[in-house]
Amino acid sequence: MRVAIIGMGTAGVSILRQLEAHSYFSELDIDVYDDPQNMGQGVPFQNDSAQLLINLPSKDMSLNAHDASEFFNWYETQNQFKFDNATYLPRFVFGHYMKSYLEKFNQQYSNIHLITEKATEMYLEQGYEENARIQYFVCTNHQQEACRQYDYVFLTVGTMAYHDPYHLKGLKGYIPSPYPTYETLNEVDSTDDIAIIGTGLSSLDVIRYVVKHHPNLPITATSRHGELPSVRGNMIDITLRHITKENFESILRSHFGVVPLESMIRLFKQECEDYNIPLQELINRKVGDPIKDLKYDLAHPEILGVFQSILETIKENMNWIWNSLSLQDQEVFMKKYMPILKANSNPMPPRTARLLIEEISAGHVVIKKDLADVQYKNETYIFKYHNQVEPDYFNVVINATGPKTQLKDLDDDDAFIIDIANRQIVQPHPMGGIQIVPETNQVISPRHGTLPHLIAIGQITNGINQARNGVNMIVRQSVQAVKSLYDFHEQIR
Ligand SMILES: Cc1cc2nc3c(=O)[nH]c(=O)nc-3n(C[C@H](O)[C@H](O)[C@H](O)COP(=O)(O)OP(=O)(O)OC[C@H]3O[C@@H](n4cnc5c(N)ncnc54)[C@H](O)[C@@H]3O)c2cc1C
């Protein structure tokens, strides 16, 4: 069976690992696609500053669904990278751990082929005879002769390009993406005034690099709300007792096949009550002063850790939770509850929080809220705020607003996704990304219906997999997807 994996970051490598673990592996012929730089490492875990840390303790994040400490054990046994504090290792180390598997497999097996180019087009062919199987053609370089034929395709292309909310792309001094952070200052003069748009996790990444390497401080990080992510507390194992499949099934039966949002929120509150979480206090704890907010989180690691653990466990189960809601309730959830979920999940390591407090206190970093607009005039960026009469002026702007989620917002940077949407292989999901079957990750095409052998995993599925694209969740989806591939292989061999 001919298999393609398009995109060799976390999801792609994870799929390959699952494929390799099976006794029929040698009966597959596998092409993997990515550019030479990202092949095996992906974007979040590419080579970058050692200050950028993974957001889970090193012992809790791995590509092995049965052994969360596999990455840490790999780190301990290799000699290339050593750090004094290995509790949260740099992200690029995780990238090398992933890549080590790709390199090992590539040397060991002749049925894996690395194609160090990005896919540019994909199209389908289906014969007219009964039960004709769809064949997938993946092309590179816009050349028809560079198209290869497959029975099974994994679409694991990662995040879409970054938002550009103020339409600044292409202007001098505008850096459209913060990664790799160590390249953000390549074209920047030492006297330039720098602003970062966004105050989320990628903003923190770039703040830490710029503050260490740029002499003209302070740097300003700004957004509409000006809120920093929360700080990781002491996480615990959680078993959900109220948000369970059984409870959801019983609600579905009595509510015409959906779980009303208020029922879900009631069950969530019961989960929190079981752990004595002061819910109102925690969700309203931010006072708008970044130092006070960071210190609060650092001072309450126990209760925050439990709260974050509940949210993390919910995220792990988000496929059936999210897809039990009606579309209308999903929209309400996005407006009312998603900001709370986001603000309290994917927290920063405590070490990063302490460093930020130091830099803000020293006057090296300014966090500003109420950003209203950014304009470009006379080679200067003018930042206007709702709460400030005079604008701020900067020469350089680093965009850390996060990746786009809706297909309608894409531009040439995501030409491949636009291409497959244009060929009606994929279609937008109203909540973002593309339509897939939640349980199996099979793509739902507007032209061909459900495509059982075209599997999408990762950020491109964000409408269905809301908040469910961390490493461990991707690995779980990969296990399931590869099981389906071998079930099919078993039928046809
Ligand atoms: C900055 C950042 C930090 C994160 N940190 C963590 C963390 O610490 N822990 C955690 O659990 N999660 C983290 N995440 C969440 C993260 O999204 C996932 O963990 C994971 O890396 C995503 O895997 P992926 O395979 O979907 O994307 P990626 O790992 O980015 O892989 C996608 C790959 O597809 C390639 N590609 C794109 N288009 C094409 C094409 N047309 N043809 C061929 N190849 C293509 C890209 O080059 C890339 O290599 C982080 C996310 C970001 C953005």
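Both counts, for ligands and for their atoms, begin at 1 and track the order of listing. Heads up: numbering here begins at 1 and tracks the sequence. Only this structure's heavy atoms are used, side chains among them; waters, hydrogens and symmetry mates stay out.
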Query raised in the report: With distance as the sole criterion, is a donor-acceptor pair present between the side chains of D164 and Y174 under 3.5 Å?
Result: yes
Query raised in the report: How about N344 and Q308: does a side-chain donor come under 3.5 Å of a side-chain acceptor?
Result: no
**Report entry** Element-labelled atoms of ligand 1 that are located less than 4.0 Å from some non-hydrogen atom of G7
**Finding:** 33 (C), 34 (O), 35 (C), 43 (C), 44 (N), 45 (C)
**Report entry** M39 contact mode with ligand 1 (heavy-atom cut-off under 4.0 Å)
**Finding:** neither
Requested in this report: May I ask you to check if ligand 1 and N55 share an N or O to N or O distance below 3.5 Å?
Outcome: yes
Report summary line: Quick look: T10 vs ligand 1, heavy-atom contacts under 4.0 Å, and the answer is both
Requested in this report: Have a look at T140, D34, I15, I6 and point out the one with the heavy atom closest to atom 48 (C) of ligand 1.
Outcome: D34
Query raised in the report: Under a 4.0 Å heavy-atom limit, does I54 contact ligand 1 with its side chain, its backbone, both, or neither?
Result: both
Query raised in the report: Hey, are R17 and E70 close enough for a salt bridge, meaning a charged N less than 4.0 Å from a carboxylate O?
Result: yes
Query raised in the report: So which protein heavy atom does atom 26 (O) of ligand 1 come closest to, and at what separation?
Result: G158 CA, 3.5 Å
Report task. Could you tell me if the ring centre of F92 sits under 6.0 Å from that of F81? Result -> yes
Query raised in the report: What orientation do F488 and H453 show, parallel under 30°, tilted 30 to 60°, or perpendicular over 60°?
Result: tilted
Report task. Determine whether more than 12 heavy atoms belonging to other residues, nucleotides or ligands lie under 6.0 Å from atom NZ of K368. Result -> yes
Query raised in the report: Do F71 and F94 make the cut of ring centroids closer than 6.0 angstrom?
Result: yes
Report task. Would you check if there is a donor-acceptor pair between the side chains of N441 and Q480 at a distance under 3.5 Å? Result -> no
Report task. Using heavy-atom distances, let me know which of I420, V157, T120 sits nearest atom 32 (C) of ligand 1. Result -> V157
Query raised in the report: Do Q427 and Q435 have side-chain N/O donor and acceptor atoms under 3.5 Å apart?
Result: no
Report summary line: Filtering V138, D48, N469 for the heavy atom nearest atom 15 (C) of ligand 1 leaves N469
**Report entry** atom 31 (O) of ligand 1 - nearest protein heavy atom and its distance
**Finding:** G9 CA, 3.2 Å
Query raised in the report: Is there a donor in the side chain of Y150 and an acceptor in the side chain of D31, or the other way round, less than 3.5 Å apart?
Result: yes
Report task. With heavy atoms of T156 as the reference, note each atom of ligand 1 found under 4.0 Å away. Result -> 32 (C), 33 (C), 34 (O)
Report task. Give yes or no for whether the N/O distance cutoff of 3.5 Å, strictly under, is met between E117 and ligand 1. Result -> no
**Report entry** Whether L56 lies under 4.0 Å from ligand 1, heavy atom
**Finding:** no
Query raised in the report: Can you tell me which residue and heavy atom of the protein come closest to atom 2 (C) of ligand 1, and the distance to 0.1 Å?
Result: P44 CB, 3.7 Å
Report summary line: Nearest non-hydrogen contact to atom 3 (C) of ligand 1 from the set R91, M160, M98, K118 belongs to R91
Query raised in the report: Is any N or O atom of L53, backbone or side chain, closer than 3.5 Å to an N or O atom of ligand 1?
Result: no
Report task. Kindly check if the number of other-residue, nucleotide or ligand heavy atoms within 6.0 Å of NZ (K369) is above 12? Result -> no
Query raised in the report: Relative to Y296, does R285 satisfy both conditions: NZ or CZ under 6.0 angstrom from the six-membered ring centre, and within 45 degrees of the ring's axis?
Result: no
Query - ligand 1 atoms in contact with V43 (distance to a heavy atom under 4.0 Å) - result: 28 (P), 29 (O), 30 (O)
Query raised in the report: Under a 4.0 Å heavy-atom limit, does F45 contact ligand 1 with its side chain, its backbone, both, or neither?
Result: side chain
Query raised in the report: At a non-hydrogen distance cut-off of under 4.0 Å, which region of I474 contacts ligand 1 (side chain, backbone, both, or neither)?
Result: side chain
Query raised in the report: Can a non-hydrogen atom of F94 be found less than 4.0 Å from any atom of ligand 1?
Result: no
Query raised in the report: Should you measure from each heavy atom of G458, which atoms of ligand 1 turn up under 4.0 Å away?
Result: 26 (O)
**Report entry** salt_bridge(K404, D414) N-O dist < 4.0 Å
**Finding:** no
Report summary line: atom 11 (O) of ligand 1: closest protein heavy atom, distance to 0.1 Å, is V471 N, 2.8 Å
Requested in this report: Look at R2 together with D29 and state whether they make a salt bridge at an N to O cut-off of under 4.0 Å.
Outcome: yes
**Report entry** Protein heavy-atom partner closest to atom 25 (O) of ligand 1 - residue, atom, separation in Å
**Finding:** A11 N, 2.8 Å
Query raised in the report: So is there a nitrogen or oxygen of A119 less than 3.5 Å from a nitrogen or oxygen in ligand 1?
Result: yes
Query raised in the report: Considering only heavy atoms of F416, which atoms of ligand 1 have at least one such atom less than 4.0 Å away?
Result: 41 (N)
Requested in this report: Using a strict 4.0 Å cut-off to heavy atoms of Y179, name the atoms of ligand 1 that fall inside it.
Outcome: 1 (C)
Query raised in the report: Are side-chain N/O atoms of S58 and D60 paired as donor and acceptor at under 3.5 Å?
Result: no
